[in-house]
Number of protein chains: 2
Amino acid sequence: MNNMQIIKTQDAHCAHDKRVSCGNCRLNAICLPISLHVEDIDRLNSIVQRSKPLQKGEYLYRASDEFDSVFAIRSGAVKAVSISDKGDEQVTGFYLPGEVVGMDGLADNVYTNSVIALETSSVCEIPFNRLEELSLQIPTLQRHFFQLMSREITQDQQVITLLSKGSAEARIATLLLSISSRNGRRNLSTNDFILPMSRTDIGNFLGLTIETVSRIFTRLQKSNLIAVDKKEITIIDMEVLRNIANGND
Amino acid sequence: MNNMQIIKTQDAHCAHDKRVSCGNCRLNAICLPISLHVEDIDRLNSIVQRSKPLQKGEYLYRASDEFDSVFAIRSGAVKAVSISDKGDEQVTGFYLPGEVVGMDGLADNVYTNSVIALETSSVCEIPFNRLEELSLQIPTLQRHFFQLMSREITQDQQVITLLSKGSAEARIATLLLSISSRNGRRNLSTNDFILPMSRTDIGNFLGLTIETVSRIFTRLQKSNLIAVDKKEITIIDMEVLRNIANGND
DNA sequence: GTAAATACTTGATTTTCATCAATCTATAGG
DNA sequence: CCTATAGATTGATGAAAATCAAGTATTTAC
């Protein structure tokens, strides 16, 4: 814990703040509006804090913490989980580099999810008050955040559709394709990637037991649609996988 | 069709525009930020168009229509449905008076859902361009719309949790409690209400077949937790219903 | 390096809900 | 009014995934 503090301080206030800026971040095509002027990017950059490298299992924030920032994932991966009244966890989403998490907290000024690092991850913290002020001055930025939130809504609704209609196989296939295409956005391989989350997290997110997740992975592997080696996934037949995801068996 | 056009015109441009304003709308506690100044409410009111009374089954807009407005439901009820690649419908939500629909369209400037009236419904159309401009001038309004979208996100995530974890009984119970509490916000009875949607819509939304929906209704009725008379629901034992919704059987 | 704990896999059985089928009710149209 | 059609209920059967159980593999901790 103390260790972490030290790392944080070094990593963030010394190294990161100087190295990285929104202007030169290779993720800015994903997390920034393309039409932002250079000087506006600088203004945004000036409110962004890069002070939070997280170790695996560490919390970025916890449900019921006071909301004050949204966070862009810069490297690594995180999961958002909410706790039901009964006390059990529900994974509500996975967030990869370039994606923004924390927008659930705005509604009641309190986060409804906890966000936990799935691996060592660094994030950009964007204080929402400052972002709000800046959005009043930069219409494009206001529009961008409306769009970011809208995208979160449409994605959540796609998950609703998946859970409402899809078989276990379709759910797994859809998740794999989702991660694949999100890797594509970052110019990483769409056919070969490491799953950042455990089978348990996958099952929790998709409403399946861990046993079912495991069985589906082996089934998809036996059908020669994917190759599974621990957390490494190779998509062998993208087309058939898409059909399965869409429920066309 | 022609008929409808006529009704629209009469109803809206003559009657509605004069009778109703955001200032005197009894739903404004739900759909407006409380802290808005009187003159700001007037400015908002001036961009709101009340020209769309819908008959049951009519579309407010269709998926892939160009996005240009969000809509506040003033009376009645609507459902949002998306069409999967396979071509089948998925109900992604129900919207009651005071609630705002259409925010999914912002992400790509195209609606991802179609919205259909479940009964005769009137709506307030809020052109988004105008709303954006106004939001730049009225910080509270900007904040309000961020919050509205955030609430949509948290609600969708609750649905994800429900579908991921809940039994058929828990799903139905949760839907009933949701409608009950939303009626409460409008000072309507929380124990006695008319379901605006069909069993088919309920099943579609909750990922259940219509037969299962029907069976659960009879089961809950036999257990004396609710009384069902067609679409009229009376909640008899709210406490036990809550337990069922939370999975504590 | 070994022990302990955690993550994952595989198999046997049970449960829940979907599917198939029949019937009933209500609403609309001629 | 009576029929046609859509919506809803109820029952019998089947399938998919959960549960229960045992075991293997991989980290983590000492």
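Note on naming: letters A, B, ... go to the chains in the order of the sequence lines (proteins, then strands), and numbering restarts at 1 for each one.
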Please report the distance, rounded to the nearest Å, between [atom1] in [X] and [atom2] in [N].
{"X": "B/I216", "N": "C/dC17", "atom1": "CD1", "atom2": "P", "value": "6 Å"}
{"X": "A/F217", "N": "C/dA7", "atom1": "CZ", "atom2": "C1'", "value": "13 Å"}
{"X": "B/R199", "N": "C/dT25", "atom1": "CZ", "atom2": "P", "value": "15 Å"}
{"X": "A/Q221", "N": "C/dC8", "atom1": "CD", "atom2": "C1'", "value": "13 Å"}
{"X": "B/K56", "N": "D/dA6", "atom1": "NZ", "atom2": "P", "value": "13 Å"}
{"X": "B/E232", "N": "C/dT25", "atom1": "CD", "atom2": "C1'", "value": "17 Å"}
{"X": "B/D201", "N": "D/dA8", "atom1": "CG", "atom2": "P", "value": "9 Å"}
{"X": "A/K231", "N": "D/dT27", "atom1": "NZ", "atom2": "C1'", "value": "11 Å"}

Counting only side-chain heavy atoms from C-beta out, which of [options] sits nearest to [X]?
{"X": "B/T218", "options": "D/dT9, C/dT10, D/dA17", "answer": "D/dT9"}
{"X": "A/L208", "options": "D/dT9, C/dC8, D/dA18", "answer": "D/dA18"}
{"X": "B/K230", "options": "C/dC8, C/dT27, D/dA17", "answer": "C/dT27"}
{"X": "B/R215", "options": "D/dG11, D/dA18, C/dC8", "answer": "D/dG11"}

So, do A/Y95 and A/F71 have ring centers that fall under 6.0 Å from each other?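 They do not qualify: ring centres at least 6.0 Å apart.
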Under 4.0 Å, heavy atoms only, any strand: does B/S214 hit a base, just the sugar-phosphate, or nothing?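 Base: the residue B/S214, judged by heavy atoms under 4.0 Å, touches a nucleobase.
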Would you classify B/G207 as touching base, sugar-phosphate or nothing, given that sugar-phosphate means primed atoms plus P, OP1 and OP2, and contacts are heavy atoms under 4.0 Å? sugar-phosphate
Check: B/N191 main-chain N/O paired with B/S189 side-chain donor or acceptor under 3.5 Å: yes
Examine the base of [N] for any acceptor or donor lying under 3.5 Å from a partner atom in the side chain of [X], and report the outcome as yes or no.
{"X": "B/R171", "N": "C/dT16", "answer": "no"}
{"X": "A/E211", "N": "D/dC20", "answer": "yes"}
{"X": "B/R219", "N": "C/dT16", "answer": "no"}

OP1 or OP2 of C/dA18 less than 4.0 angstrom from a side-chain nitrogen or oxygen of B/T212, does that happen here?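 Answer is yes, contact under 4.0 Å.
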Quick test of your reading of the model: are A/R50 and A/E125 salt-bridged, counting only N-O distances below 4.0 Å? no
Decide, yes or no, whether a salt bridge links A/R242 with B/D85 under the criterion of side-chain N to carboxylate O below 4.0 Å. no
Quiz item: cation-pi between A/R199 and A/F217, 6.0 Å / 45°: yes
